[in-house]
Every structure is written in structure tokens, then in C-alpha cells.
Amino acid sequence: MNIRKLALYSTFLSVSFCTGSVFAATIKATSGPVKASVYKAPVKAAPVKAAAPAKKVAKARNAPFVAGGEEGVIVTGTHATNRHARQSTSPITVLSSATLRRSGMMNLADALAKTYPSINMSTMGNDAGALTSFIRMRGLNPNQVLVLVDGKRRHTTANINADAGPNFGATPVDLNMIPSNMIDHIEVLEDGAAAMYGSDAIAGVVNIITKKQDHGLNMSAQTGANAYNGDGWQYQLNADGGLKLGNDGFIHISGQVYHTDHFVTNTVDNRLAGYVPAGAANELYTGSVKVPKNSNKIMSTPEETRENLGIDFGKNLTENIQFYGQITYAHRHAEAYENYRVPSGASASNPELFPYGYSPLETIDENDYAATLGLKGGHFFGFDWDLSSTWGEDLDKISNQNTTNPNMYAATGYTPTTVRTSNFRLAQWTNNLDLRRNFKIANVVPVTVAFGGEHRLEQYTIMAGEPASYEYGGTSALAGLTPQDAGKWNRDVWAAYLDGDFHLLKNWDLDFAGRFEHYTDVGNTENGKVSTRYDITKRIGLRATISNGFRAPTMAEQHYSAINVGPTSVLGLLPVSSSEARATGASPLKPERSTSATGGIVLEPIDGFHIETDVYQINIRDRIVQGGNVTGATAISALEAMGVSLPALTQLSENAVQTYYFTNGASTRTQGLDIKADYMFRMHRYGNLTLSMALDLNRTRLTHNGMSSTGSPLLNAQNIAYLTTAYPRSKIILNAFWTIGKWDVNVRQTRYGETTDMMTYQDWTPTASICPIDGKQLQQSSSCFAQFKNSPRWLTDLEIGYRVNSRWHLAVGANNIFNVRPRKLPGELNQLGGNPYDTFSSQVPMTGGYYYGRVNFTL
């Protein structure tokens with residue numbers, strides 16, 4: 001769909017909404033307006049006090065979309081003070097904690113995907129990548145979304161997604177390691193903002209604003225399960241409350257415990273099916289031990305237990321100086337199923353130890369913590385100031401359970417069944433000094449000037465696994481990292497920024513921002529941003545932004561390497577800085593560069609009816625992607641040169657051993673359209689009905705495919721699809737929230753657009769089939785692929801709540817009532833029969849219907 005058609009479609013939707021035929025997605029919080037609880041330096045120093053609900057302000061005309069029509073002071077995307085969301089120059093969406101709670105989802109990442117159309121998640125993560133949450137915004141990589149907590153950069157996970165797919169190479173902020181009950185509201189900036197915040201802010205910015213009340217107690221419990229399968233049972237317990245810290249301070253503590261069982265999609269393993277299509281390579285299991293046909297559980301969600309803690313505090317030290325801080329801690333144990341190993345036959349592994357076969361489990365034991373300490377105040381030569389230091393760290397131990405090292409057992413008669421395969425550590429120390437001052441030019445033009453500096457130290461550490469995890473080809477499902485893979489790396493980042501906000505006329509605002517950053521490993525970047533807003537009338541406003549940005553390669557992208565061993569394949573990721581990678585065409589990584597432009601119109605045709613329409617374009621060059629795929633003898637030579645001992649698998653085809661690496665291999669152009677609207681019907685004795693709609697239309701195209709030093713294209717058709725079509729072309733969320741008396745009802749209808757992927761031909765592909773592009777075997781080909789489309793899907797969610805009294809609230813709900821699942825793959829594209837869905841699609845979740853109940857207590 002071209003931009004002209006997008007514009008026509010936006011007009012149609014706006015008109016449809018006016019006539020009552022289109023309704024929307026995010027909803028009004030039952031607790032009242034969004035609380036402006038950001039703990040920041042005021043223009044005049046004031047005592048630290050707990051955040052209270054913002055006083056109802058005069059209606060801000062022509063304002064950006066705020067979930068459910070609420071208004072609140074924003075701190076994202078601007079250095080101006082006391083600016084409300086409906087007055088911003090850039091599109092900003094505010095999601096209240098009540099909105100997230102009514103999503104029915106226990107994890108923050110899932111709740112965002114349910115309530116915000118520009119954010120999606122893949123159907124399923126693979127291997128250790130499944131153990132960390134990855135959100136995608138506007139169809140871009142998870143690394144291209146910047147996450148802030150109270151305006152401070154949040155550290156990322158150390159657990160890299162090293163498997164091929166749209167999330168390849170991602171080490172984003174794991175949102176689920178932040179206690180969801182710690183959150184007051186979330187501000188989502190739908191614009192490039194590298195000129196303000198630095199690296200990663202290409203797709204947008206998610207700023208999590210935490211609770212800072214000095215009183216009260218909130219407790220809740222929720223439980224639910226995927227009822228159609230009868231598994232995936234979950235529960236979550238939450239508690240948070242505030243206390244006074246002396247006469248002029250506060251402390252707010254939030255705690256959370258979460259657990260979920262595996263959700264498993266019932267499948268039939270090809271090897272256990274009892275038949276093989278003519279010409280297919282896969283052998284049948286014909287052993288004497290009877291094995292259930294659904295033994296392969298790889299298409300599943302991890303089992304996870306997590307404990308989260310969050311503490312916010314603040315206190316006045318003097319009349320003009322305030323001390324504040326925040327601490328978060330999370331511990332997680334999670335485990336994900338891998339492909340089933342049959343008890344006997346050519347592809348069997350250690351039938352002596354596992355006579356009934358086995359399913360390896362990849363596990364993670366994770367500790368994640370962060371601490372911020374800061375001082376701020378006013379009257380420093382007329383400036384407000386903020387000096388802060390934040391330390392964040394993520395520690396991961398990756399293990400392989402219920403597994404064997406078959407070649408070690410054959411050679412020595414010994415193999416472990418539980419082994420540590422690697423350890424990762426990522427640490428980030430960020431120090432900021434920010435200054436801001438308001439004044440008037442010629443006593444006429446109000447101006448806000450802000451400037452400051454930042455230093456960030458980043459550390460990345462890889463520890464090798466236990467020897468038994470990598471020797472003799474390594475353990476099944478996940479071979480450990482070798483001493484050659486291990487290392488410790490550091491880099492320093494120095495930054496300075498300047499921002500000027502000019503209110504040239506009563507109805508015209510103009511904002512300039514510039515930022516310089518120096519990385520000790522990848523060089524310098526300079527970025528700028530110009531935003532403007534002009535209110536034609538009190539009901540019509542126009543806004544636009546143009547900016548350039550960047551994303552520095554992460555330290556994991558530069559230094560990580562791994563080998564993944566499947567029942568019939570080996571996949572090796574070479575460190576891009578190694579001589580082995582250079583021998584297959586790799587070159588050093590450099591930052592991604594982006595140019596973004598947005599333009600929109602903001603309408604309030606009648607009081608309380610808000611419509612916002614924005615078009616955007618994001619051009620990215622030098623995108624860091626998977627590239628340099630090689631197979632056969634070249635791949636084997638590269639792995640052996642790194643000291644990797646390949647397993648002696650007799651089922652390997654000529655394409656079964658592959659290597660690849662990270663590379664600046666592509667340039668893309670993403671174009672899209674956002675439409676948001678909301679209106680509340682006040683029906684007196686029949687209650688209040690809030691209707692809202694949020695739509696994102698999105699398309700990414702490849703504009704350049706790089707070439708390796710050996711002269712071959714870096715991206716094949718499959719890699720290109722990961723970048724361009726694995727994300728829904730559209731997503732619309734229609735929501736109705738009705739309150740009457742003690743009852744509240746929320747109905748949400750979500751439509752996911754089409755996704756398209758280029759799928760690998762798997763084991764049921766006839767061995768005689770040849771790829772016409774390279775003349776090699778079609779099975780496991782890295783040149784020929786099958787196009788697979790996930791057609792559009794509608795999901796229906798319902799929640800019914802009842803307020804027993806002022807303290808107790810009960811709710812029951814069902815997400816995806818009609819148990820809609822993704823489209824299933826044909827047999828020749830379904831690996832081993834255990835992967836019936838397209839795991840790379842960011843469309844409908846594979847889990848189907850989910851039913852839950854929740855109780856809330858407030859004191």
C-alpha cells in the first residue's frame with residue numbers, strides 16, 4: 001500500500017469514527033487522571049512530596065493521543081516544564097497502570113503489545129532467546145527501541161538472541177525484569193529521539209514513570225491458564241506501598257512474584273509419525289520402545305519463576321537541594337524445551353542413558369539489578385540542575401539440562417546430563433549532569449534552554465562453559481561456549497547535548513536539539529532534531545519533526561560467537577572481529593545511521609473527541625543484520641579454525657553445517673501511518689462509555705543489500721523477509737470501556753495484518769529436489785525458500801470487573817475468547833513436525849485463548 005492510499009485510508013477511518021463505526025483500544029483508568037508522579041527538579045525548589053493525582057487542567061486543544069482521553073504532565077521528548085501530553089510537539093501516548101492492568105497480561109512486555117498498536121512480539125523465541133522478552137516497535141529490531149526509567153537510560157540484558165530471525169542480535173531492555181506494579185504510567189514517544197537521548201532511539205522511546213506516593217497500600221493477585229490446552233498456568237502476586245521519610249521525604253516499595261508453566265502446542269514428530277512422504281530424508285523411529293507421537297515439545301513457551309523488587313525514595317537535604325534514588329532487583333529461573341531426541345536410530349543420542357528419548361532444556365538463572373542516586377535543585381545561576389549516577393547490571397548463567405554429549409559418551413563412556421554452557425555479564429554505569437533554564441527573549445518570546453553531558457561505561461563479559469559442554473562437538477541442543485569465545489570488553493561513551501524550545505507565538509512552538517557522542521570503539525556521531533507545532537485554531541493543530549539518529553553496535557554484536565547443534569544440523573555464529581569471520585567475508589561493525597521525518601494533524605472536532613493522525617518515514621543505513629551465510633566445506637573450515645569440534649552426525653545433508661556473522665549489511669526505508677482517537681459518552685444513570693481506536697499501518701522495504709568481500713550478497717531472501725515482512729502490515733486496536741455503578745466492562749478487538757516469511761525447506765522435502773539458484777540440495781538450502789503468509793487475524797478480549805467496596809475489586813477475563821491461532825505450516829516447512837507455526841512472525845500469539853481472574857485490594 002503506497003502513502004497516498006495510506007492517507008485515503010486514514011481519512012476513511014477518521015470519518016468512520018465520527019459516525020460511530022470505529023472504536024478504540026486504550027482506556028480510561030478507573031482511578032482517575034494519569035498521575036504526574038515524575039520526581040523532577042521544579043522551577044522553584046519545593047519540598048519533596050509524594051505524587052498526587054494531577055489537578056484537572058483546562059482542556060488542552062489539539063493534543064496528542066492519551067490513552068482513554070486522560071491528561072498528564074509529560075517529561076518525555078521535551079525539556080519544557082509543565083507541558084501536558086495534549087500539548088506536545090511530538091506524538092506521545094500515555095498508558096496508565098490501569099490500562100496495562102486491564103490488558104489481562106501479567107508481564108509488562110505482553111501488556112504493551114496488547115494495548116499499543118506499534119509494539120508487537122514474535123510468536124515464539126528460540127532456544128535461550130526465548131528466555132528474555134523482546135518487543136519490536138514500528139517493525140524495527142528490539143535494539144532500536146530506547147527504554148528509560150524516570151528519564152534515565154535503562155541497562156540492557158546480557159542474554160543475546162543469537163538465532164536467525166527478526167530479533168537476531170537483540171540484547172534489548174528486558175521489560176519483564178521491572179516490577180509492573182512499580183509503574184504509575186508509561187510515556188511512549190513515537191519519534192526518533194537520538195538527538196535528545198543518544199543511541200537506540202530510532203523506532204521510539206518507552207519512558208517508564210514509577211510510583212512515588214508516600215502513603216497507601218496496594219495488593220493484587222491474578223491467576224489464569226490457556227484453557228483450550230489446559231496448560232500454561234500462571235499466577236502473580238503484587239504488593240506496593242508508600243511511607244514517609246521524615247517530614248519532607250518518601251519511600252515507595254514494590255514487590256512481585258510471578259510463575260508460569262510451559263504452554264506446549266500439541267504436535268506429531270515426523271520421526272514418530274509412522275510414515276514418510278516419498279523421497280523425504282527423515283527416517284522413522286522403529287525402535288521397540290513405544291514413544292508418544294507428541295514427544296517433541298519445542299513449539300512451547302518457557303516455564304519461568306521470577307521475583308521482582310523496586311524501591312523509590314527522595315528527601316530534601318536543604319531548601320534548594322533534593323536527594324533521590326531508585327533501586328530495582330529481579331531474579332529469574334526459566335527453562336525452554338528443545339527438539340526431542342529419539343531413543344534409537346541414526347539420529348539418536350545415548351539410548352543407554354535415555355531409553356525413551358529425551359527433550360533437552362535450555363535454562364537461565366538470571367540476576368538483574370539497577371541503582372540510581374541523584375541530587376537536584378534550582379537557583380544555580382538561574383538554572384535548575386540534576387546530577388545523577390546509575391549503575392545497571394545483568395548476570396546470566398545459561399545451562400543445558402536433560403541432555404547428553406553423544407560423542408563424548410562414545411569416546412569415553414561418560415557424559416553429563418546437566419551442564420553449564422556459558423555465563424554472560426553486561427554492566428552499564430551512566431553519569432548525567434542536566435541543566436535547564438526558562439527565560440524570555442526581549443521579554444516577549446518564552447524560551448527553555450537545556451544542556452548537559454553524559455558519561456557511560458559499558459562492560460560485556462563472556463565466560464566459557466564447562467568443558468563437557470563444548471568438547472567432542474558439545475552437548476545436544478546447545479553446545480557450550482569455548483575458551484576461544486570467552487573474553488571481557490569495555491568501552492566509554494562521552495556525550496554532550498543542547499536543546500532550545502522557543503514559543504515564538506501563542507500558537508507556535510519550535511524546538512531544536514543537538515547531540516554529540518564519542519565511542520571509544522566505533523568513533524563519533526553528531527545528531528540533530530527540529531520539531532514544530534502550530535495550532536491553526538483551538539481545534540486544529542499541525543506538527544512535524546525531522547531528525548537524524550544512530551545506533552551504536554552493541555558489545556554483544558561485536559564479540560559474541562556460538563554454535564547451535566540440532567538433531568540434523570549445525571549452525572555457527574562467528575565473532576565479526578575474528579580472522580575466521582573475515583575469511584568468510586566479514587568486516588568491522590560501524591554504527592547504524594537513521595533519518596526520520598514525521599508529520600501530523602491533531603483535531604478536536606467537538607469537546608472531548610480527540611483525533612490524531614501522523615505519517616512517518618524512517619530511513620536506516622548500515623543496519624546490523626545477519627549476513628555472510630556459508631555452508632558446507634567453507635563453514636566447516638571456519639568452525640574448525642576456531643577450535644570447534646563438530647559432532648559426527650550421520651544425518652547431515654550437504655547444507656546442514658552453516659556459519660554466519662553480524663554485518664552492516666542493509667539499508668531500509670520504513671513508512672507508516674498512525675491514527676488514534678478517543679471519546680467518552682457520559683450516559684448519566686447508564687454510566688460512562690469510553691471508546692478509543694489506535695491504528696498503525698507499517699511497511700519496510702530494503703533499499704540496499706550489501707556485498708561481502710567475496711563478492712556475494714550479504715542478505716538472502718529469508719534474511720530480507722525478516723527485515724521487511726515478518727512484522728504485521730497493520731494493527732488496529734478497538735476498545736470499549738463501560739462503567740456503571742459498581743460494574744466495569746472492557747471489550748477489546750484487535751486486528752493483526754498480514755505477515756510474510758521465506759521459510760527453509762525442512763526434513764520432509766524430497767532429498768532429490770534441487771534448488772535452481774545454486775544447483776544444491778533444496779532441503780536446508782540457504783538460497784531457495786518457500787514463501788509463507790500469515791493471513792490477517794482478529795482477536796477478541798473481554799474483562800468484567802466488580803467493585804465490592806472502596807478497597808476490594810474483583811475481575812474475570814478472557815483474552816482471545818475464540819482461540820484464534822496462527823496459520824499452520826505445510827509439512828515440508830515444518831521442521832521435524834514439531835514446529836507447526838512460523839516462529840518468526842510478530843503476529844497472533846500461538847498460545848490461543850487465555851482465561852484469568854484477578855483481585856485487587858487498596859488501602
Side-chain angles (χ1 to χ4, degrees), residues 109 125 127-135 141-149 152-163 167-178 197-201 206 306 308 327-334 362-372 389-399 420-431 454-465 481 485-493 519-522 551-562 573 575-577 589 591 624 662:
D127 302 321
L131 306 176
T132 300
S133 67
F134 296 83
I135 63 168
N141 187 277
N143 282 348
Q144 292 161 332
V145 180
L146 177 64
V147 176
L148 309 174
V149 178
K152 310 298 184 184
R153 177 181 287 264
R154 177 77 176 183
H155 68 279
T156 64
T157 181
N159 182 30
I160 187 172
N161 189 317
D163 290 302
N167 296 332
F168 175 68
T171 51
V173 172
D174 188 343
L175 293 173
N176 295 343
M177 302 305 273
I178 301 171
Y197 300 111
S199 179
D200 308 343
V206 176
R306 189 176 68 242
N308 298 62
I327 298 171
T328 63
Y329 171 76
H331 172 264
R332 165 195 280 146
H333 174 81
E362 293 187 17
T363 70
I364 186 172
D365 287 282
E366 182 174 9
N367 288 287
D368 183 283
Y369 55 89
T372 295
S389 182
T390 299
W391 177 270
E393 189 167 357
D394 186 62
L395 302 167
D396 302 330
K397 181 178 77 172
I398 309 298
S399 299
R420 180 183 59 81
T421 61
S422 59
N423 285 73
F424 303 116
R425 173 183 177 268
L426 189 140
Q428 182 176 288
W429 185 24
T430 306
N431 300 283
E454 177 180 290
H455 169 257
R456 188 165 72 250
L457 170 65
E458 297 180 347
Q459 298 177 333
Y460 181 60
T461 304
I462 297 176
M463 291 179 59
L481 297 187
D485 299 320
K488 182 177 181 180
W489 301 272
N490 302 291
R491 72 178 175 193
D492 288 283
V493 183
Y519 285 74
T520 54
D521 57 348
V522 295
R551 184 183 77 81
T554 66
M555 301 189 75
E557 287 172 327
Q558 296 183 76
H559 303 293
Y560 179 80
S561 61
L573 171 61
V576 68
S577 57
L589 294 179
I624 299 173
F662 291 100

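Side chains are part of it too, since the values below use all heavy atoms of this structure and drop only hydrogens, waters and symmetry mates.
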Quiz prompt | Within-4.5 Å side-chain heavy-atom neighbours: Asp521 and Glu458 | solution = no
Just do the salt bridge (charged side-chain N to carboxylate O under 4.0 Å, His left out) check on Asp365 and Arg420 with the steps written out, would you?
CA-CA 11 Å; Asp365 287 282; Arg420 180 183 59 81; over 6 Å; no
(request) Take Asp368 and Asp174 through the side-chain contact (heavy atoms from CB on, under 4.5 Å) test and state the conclusion after the steps. (result) CA-CA 10 Å; Asp368 183 283; Asp174 188 343; 5.9 Å; no
Between Trp429 and Ser389, the two heavy atoms sitting closest are NE1-OG, 2.8 Å
Could you go step by step and tell me if Asn159 and Glu366 meet the side-chain contact (heavy atoms from CB on, under 4.5 Å) rule? CA-CA 9 Å; Asn159 182 30; Glu366 182 174 9; 5.7 Å; no
(Q) Do Val206 and Val145 make a side-chain contact, defined as non-hydrogen atoms from C-beta onward lying under 4.5 Å apart? (A) yes
Using a 3.5 Å distance criterion without hydrogens, assess whether the side chain of Thr421 forms a donor-acceptor pair with backbone atoms of Gly465.
no
- Message: Let's go through Thr157 and Asp396 carefully: what are the C-alpha distance in whole Å and the side-chain angles of both, what is the deciding distance for side-chain contact (heavy atoms from CB on, under 4.5 Å) to 0.1 Å, and is it a yes or a no?
- Response: CA-CA 9 Å; Thr157 181; Asp396 302 330; 4.0 Å; yes
Correct closest heavy-atom pair for Pro172 and Ala170 would be CD-C, 3.4 Å
Can you confirm whether Met177 sits close enough to Arg306 that some side-chain heavy atom of one is under 4.5 Å from a side-chain heavy atom of the other? yes
Contacts of His455 meeting ring-ring contact (aromatic ring centres under 6.0 Å, His included) (sequence neighbours excluded), chain-then-number -> Trp494
**Asked** Does Arg332 come within less than 4.0 Å of Asp394, counting only side-chain N to carboxylate O?
**Response** no
> Does the pair Phe424 and Leu481 meet the rule for a side-chain contact (heavy atoms from CB on, under 4.5 Å), with working shown?
Replying inline: CA-CA 11 Å; Phe424 303 116; Leu481 297 187; 3.8 Å; yes
Exactly one of Arg425, Gln459, Gln428, His155 clears side chain to side chain donor-acceptor pair (under 3.5 Å) with Glu393, and that residue is Arg425
Note to self: Within the structure provided, determine whether Ser199 and Tyr519 are in side-chain contact (heavy-atom separation under 4.5 Å).
What the structure shows: yes
Interatomic distance, OG1@Thr156 vs CE@Met555, rounded to 0.5 Å, equals 11.0 Å
All heavy atoms of Ser561 vs all of Pro575, minimum pair found to be CB-CD, 3.1 Å
Nearest heavy-atom contact between Ala427 and Trp391 is CB-CZ2, 3.7 Å
In this structure, OG1 of Thr390 is separated from CG of Asn431 (nearest 0.5 Å) by 8.0 Å
The reported gap from CD1 in Ile398 to CD1 in Ile364 (rounded to nearest 0.5 angstrom) is 4.0 Å
The ring-ring contact (aromatic ring centres under 6.0 Å, His included) partners of His333 (sequence neighbours excluded) come to none
Looking only at heavy atoms, the pair that brings Phe662 and Val576 closest together is O-CG2, 3.1 Å
Practice problem: Compute whether any side-chain donor of one residue and acceptor of the other, for Asp485 and Tyr560, lie under 3.5 angstrom apart. | Solution: no
Between the CD atom in Glu454 and the NZ atom in Lys152, the distance rounded to the nearest 0.5 Å is 9.5 Å
Between Ala158 and Tyr460 the two heavy atoms that sit nearest each other are O-CE1, 4.1 Å
**Item:** Arg153 (side chain) donor-acceptor with Tyr197 (main chain) under 3.5 angstrom
**Value:** yes
In Leu573, Asn141, Asp163, Asn143, the residue satisfying side-chain contact (heavy atoms from CB on, under 4.5 Å) with Phe168 is Leu573
**Request:** Give a yes or no on whether the backbone of Arg456 and the side-chain of Arg491 come within a donor-acceptor separation of less than 3.5 Å.
**Result:** no
CG (Leu175) and OG1 (Thr132) are apart, to the nearest 0.5 Å, by 11.5 Å
One should read off an interatomic distance between Thr363 OG1 and Lys397 NZ, to the nearest 0.5 angstrom, of 7.5 Å
| message | Would the distance check show the side chain of Asn308 and the main-chain N or O of Asn176 forming a donor-acceptor pair, the cut-off being under 3.5 Å? | response | yes
